[in-house]
Amino acid sequence: MNLSFFAQVYEIVGCIPEGKVASYGQIACILDCPRNARVVGWAMCQCPPDLPWFRVVRSDGSLANKDFYELQRVMLEAEGIPFLPDGSIAMETYQWSPDFQA
DNA sequence: CCATTGACGGAAC
DNA sequence: TGTTCCGCCAATG
């Protein structure tokens with residue numbers, strides 16, 4: 001498992017089921033590196049087309065860049081995750097429970 | 001090898 | 001309560 005954080009992040013994100021979301025810090029925590037939240041986000045920037053990056057949101061339940069906000073919003077709504085009038089999602093309800101099966 | 005960047009997180013103001 | 005700043009780590013140039 002000498003995969004870079006990069007690859008590990010891909011593994012975690014790829015394990016997120018539909019209708020669920022995970023925060024960058026949560027993924028970093030799964031990797032046992034809660035401070036790598038930024039690295040996770042950076043890995044998402046390199047997100048391959050196979051990666052459901054749209055299921056990854058901020059700890060606040062809000063999205064990141066405006067450019068991706070609308071796209072992410074559409075993708076999440078398509079997954080069955082409604083957006084609050086606040087512009088964020090009820091991550092408390094939709095946050096994915098990591099099973100450590102990565 | 002050094003400097004910069006980056007789709008974050010939390011603490012400070 | 002909202003906004004701003006710093007810190008953190010890895011990858012790229």
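The chains referred to below are lettered A, B, ... by the order of the sequence lines, with proteins before strands, and numbering in each begins at 1.
Where Ser4(A) and Arg35(A) meet DNA chain C, the nucleotide closest to each residue was compared, and Arg35(A) sits on the side nearer the 5' end.
A heavy-atom distance below 4.5 Å is not found between the side chains of Trp96(A) and Val21(A). Between Trp53(A) and Ile16(A) there is no side-chain heavy-atom pair separated by less than 4.5 Å. A 4.5 Å side-chain heavy-atom check between Ile12(A) and Val40(A) finds every atom pair outside the cut-off.
The residues Glu79(A) and Lys20(A) are annotated as not salt-bridged, no charged nitrogen and carboxylate oxygen being separated by less than 4.0 angstrom.
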Atom pairs, protein N/O to nucleotides 4-7 of chain B N/O, distance under 3.5 Å:
{"from": "dA7(B)", "atom 1": "N7", "to": "Met44(A)", "atom 2": "O", "distance (Å)": "3.4"}
{"from": "dA7(B)", "atom 1": "N7", "to": "Cys45(A)", "atom 2": "N", "distance (Å)": "3.1"}
{"from": "dA7(B)", "atom 1": "N6", "to": "Met44(A)", "atom 2": "O", "distance (Å)": "3.3"}

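Applying the 4.0 Å criterion to OP1 and OP2 of dG9(B), one finds that Ser59(A) has a side-chain N or O inside that range.
Of the possible polar contacts, one joining the Gln72(A) side chain to the Val56(A) backbone as a donor-acceptor pair under 3.5 Å is found. Formation of a donor-acceptor pair under 3.5 Å by the Ser23(A) side chain with backbone atoms of Gln26(A) is found in this model. No side-chain donor-acceptor contact under 3.5 Å links Tyr10(A) to the backbone of Met44(A).
Hydrophobic clustering (ILVMFWY, side-chain heavy atoms < 4.5 Å, transitive): Val74(A) and Leu51(A) are in distinct clusters.
Nucleotides of DNA chain C lying under 4.0 Å from heavy atoms of chain A occupy a range whose first and last members, 5' to 3', are dG7(C) to dT12(C).
Residues Leu3(A) and Gln8(A) approach most closely at O-NE2, 3.0 Å, considering heavy atoms. Minimum interatomic distance between Ser88(A) and Gly61(A) (heavy atoms only, all atoms of both residues): CB-O, 3.4 Å.
A heavy atom closer than 4.0 Å to some atom of DNA chain C occurs in no member of residues 75-93 of chain A.
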